[in-house]
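Structure record follows, encoded as structure tokens.
Keep in mind the model is a prediction, meaning the values are calculated, not measured. Each ligand, and each atom within it, is numbered from 1 in the order the structure gives.
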Amino acid sequence: MKTYIFTYKTINKAANIIKKGGIIAFPTETVYGLGCNTFNLNAIKKVYKVKGRPADNPLIVHIADKKWLFDLADIDKDKINIVNKLISKFWPGPLTLVLKKKKNIKDISGLNTIAIRMPKNKIALKFIKVCKCPISAPSANISGRPSSTSFNHVLDDFDGKIDGIIKTKKLCDIGVESTVIDLTSKNPTILRFGGIDIDDIKKIIPNIVVVKNVSHKPKSPGMKYNHYQPNAKVILFTTKNKNKIFEYKKKLEDKLNKVVVIDTNKIKNISKKLFDMYRQCDKKNIDFILITEYCGKYLSDAINDRIKKSATKII
Ligand code: TXA
Ligand code: MG
């Protein structure tokens with residue numbers, strides 16, 4: 001299959017492919033998404049297949065107008081206040097809300113909930129608008145790989161496998177995925193740290209619950225699978241053991257391994273660059289990435305979560 005390249009100017013052509021049941025990768029402010037029409041179950045099945053995604057892990061539905069939310073989700077009276085507060089503060093933006101799904105909306109995960117977000121990226125919003133339908137989209141990476149934060153990342157994973165990619169020259173602004181908040185449980189719960197800083201959410205929901213560990217039956221299905229892993233083995237050094245990195249590096253290099261050290265605290269905008277750095281290591285056939293825990297404040301939960309999940313070892 002030929003994968004067509006579109007730009008902001010030719011976005012209508014990309015939308016026509018969505019209308020015909022195709023798959024288009026598009027940039028958002030977090031990471032690239034692998035989009036299809038939410039109301040076309042066959043298209044959704046194709047997305048799962050091409051990504052290699054387990055069937056029980058549902059997709060986020062992306063909308064271009066806050067009003068669309070009410071066509072997709074049933075919001076209980078006691079939740080409407082909090083929903084309104086969250087969407088007026090954070091939409092458009094990197095916040096995903098899990099709500100009760102309207103009965104007429106079908107998906108293949110079998111859950112009675114739906115995850116919805118309105119992205120902020122200009123191309124994403126225009127794309128969804130011209131599609132005239134909500135767009136279901138997981139991150140545009142082969143399951144388990146680092147998310148795609150540039151056009152080239154998507155090309156590397158999906159050239160010849162999807163109908164098209166909307167091209168931009170830059171890396172996605174934030175570089176980690178959206179923050180996911182579940183509003184269907186008794187207390188609002190963070191299911192995934194992401195592009196909205198936890199402190200900003202606490203200003204609106206001071207008692208927000210954080211799901212720390214992957215339980216036997218995770219609330220967010222995505223939490224139980226391998227994630228964000230480059231081909232290189234990632235070894236995470238906690239701050240306490242950071243001074244052991246260079247000794248460790250030497251030992252690996254003595255055995256002829258190619259090793260890269262990433263000190264996350266020395267890189268400006270690490271959230272934006274992390275997945276790109278992982279993918280660059282793959283291009284150079286690096287065997288090991290020795291990476292530090294991130295000690296900055298902004299988005300540190302999200303950054304450390306991604307590093308931890310990508311790591312094969314924590315020291
Ligand atoms: O920033 C993002 O969120 C990106 C861009 C493309 O929007 N998308 C993204 O999608 O990260 P994905 O599929 O890689 O991750 C979606 C996460 C998964 O952990 C999934 O389990 C969770 O959201 N999720 C989706 N629907 C859910 C639901 N109904 N209940 C609980 N968790 C849900
Ligand atoms: Mg993903």
Side-chain angles (χ1 to χ4, degrees), residues 23-36 38 44 47-48 50-64 72-74 90-102 105-121 123-125 127-128 134-149 153-154 157 165-166 172-185 188-196 211 214-215 217-229 271-272 275 299 302 305-306 309-310:
I23 303 175
I24 298 287
F26 63 102
T28 82
E29 72 279 23
T30 57
V31 298
Y32 259 85
L34 205 55
C36 69
T38 297
I44 290 183
V47 168
Y48 276 78
V50 76
K51 188 176 153 100
R53 182 171 180 109
D56 66 349
N57 192 6
L59 310 184
I60 294 174
V61 176
H62 297 69
I63 59 177
L72 299 164
D74 273 327
F90 298 118
W91 278 8
L95 176 71
T96 296
L97 296 180
V98 174
L99 294 157
K100 230 192 265 170
K101 187 171 65 183
K102 274 207 182 292
I105 312 285
K106 305 230 173 348
D107 74 0
I108 66 168
S109 72
L111 294 178
N112 55 7
T113 57
I114 183 167
I116 305 172
R117 94 172 183 99
M118 180 180 176
K120 194 175 192 168
N121 177 286
I123 300 174
L125 282 175
F127 173 57
I128 303 166
I135 298 293
S136 293
S139 51
N141 53 278
I142 299 291
S143 246
R145 298 257 308 137
S147 299
S148 290
T149 49
H153 300 164
V154 183
D157 279 14
I165 309 172
I166 304 177
C172 295
D173 272 338
I174 298 175
V176 290
E177 303 79 357
S178 60
T179 301
V180 181
I181 298 186
D182 177 26
L183 292 174
T184 65
S185 39
T189 304
I190 296 213
L191 298 181
R192 178 176 73 182
F193 291 119
I196 306 259
V211 175
V214 181
S215 58
K217 194 171 180 218
K219 184 82 195 182
S220 192
M223 293 162 78
K224 69 182 179 209
Y225 297 107
N226 282 349
H227 261 315
Y228 317 117
Q229 291 175 340
S271 74
K272 181 170 178 164
F275 291 140
L299 299 188
D305 168 77
R306 304 310 185 264
K309 290 201 176 114
S310 68

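Less than 4.0 angstrom separates some heavy atom of Gly33 from each of these atoms of ligand 1: 6 (C). Close approach of ligand 1 to Ala115 is summarised as follows: ligand atoms under 4.0 Å from at least one heavy atom of the residue are 25 (C), 26 (N), 27 (C), 29 (N). If you number the atoms of ligand 1 from 1 as listed, the ones under 4.0 Å from a heavy atom of His62 come out as 5 (C), 6 (C), 7 (O). Ligand-side atoms of ligand 1 in range of Pro138: 10 (O), 12 (P), 13 (O), range being under 4.0 angstrom from any heavy atom.
Of the N or O atoms in Ser139, one or more lie within a sub-3.5 Å distance of an N or O in ligand 1. Polar contact check, Thr113 against ligand 1: a nitrogen or oxygen pair lies under 3.5 Å apart. Some N or O of Arg192 is nearer than 3.5 Å to an N or O of ligand 1, by distance alone. Considering backbone and side-chain N/O atoms, Thr30 comes within less than 3.5 Å of an N/O atom of ligand 1. Considering both main-chain and side-chain atoms, Arg53 comes within under 3.5 Å of ligand 1 through a nitrogen or oxygen pair.
A salt bridge does not link Asp173 to Lys120: none of the charged nitrogens lies less than 4.0 Å from a carboxylate oxygen.
A donor-acceptor contact shorter than 3.5 Å links the side chain of Thr38 to the backbone of Ser136. Under a 3.5 Å cut-off, the side chain of Asp157 and the backbone N or O of Asn141 do not form any donor-acceptor pair. At least one donor-acceptor pair under 3.5 Å links the side chain of Ser143 to the backbone N or O of Gly52. Formation of a donor-acceptor pair under 3.5 Å by the Thr179 side chain with backbone atoms of Gly194 is found in this model.
At a cut-off of 3.5 Å, with distance as the only test, a side-chain donor of Thr28 or Arg117 sits close to an acceptor on the other residue.
At a heavy-atom cutoff of 4.0 Å, ligand 1 is contacted by no atom of Lys101, backbone or side chain. At a 4.0 Å heavy-atom cut-off, ligand 1 touches Leu191 through the side chain alone. Residue-level proximity to ligand 1 for Asn57 is carried by the side chain, the only part with a heavy atom below 4.0 angstrom.
The distance from the Mg ion (ligand 2) to the nearest N/O/S atom of Asn141 is not under 2.8 Å.
Relative orientation of the Phe26 and Phe127 rings is tilted, given thresholds of 30° and 60° on the angle between their planes.
Nearest approach of Ile135 to Gly35, heavy atoms of both residues: CG2-CA, 3.6 Å. Between Tyr32 and Thr149, the shortest heavy-atom contact is CD1-C, 4.2 Å.
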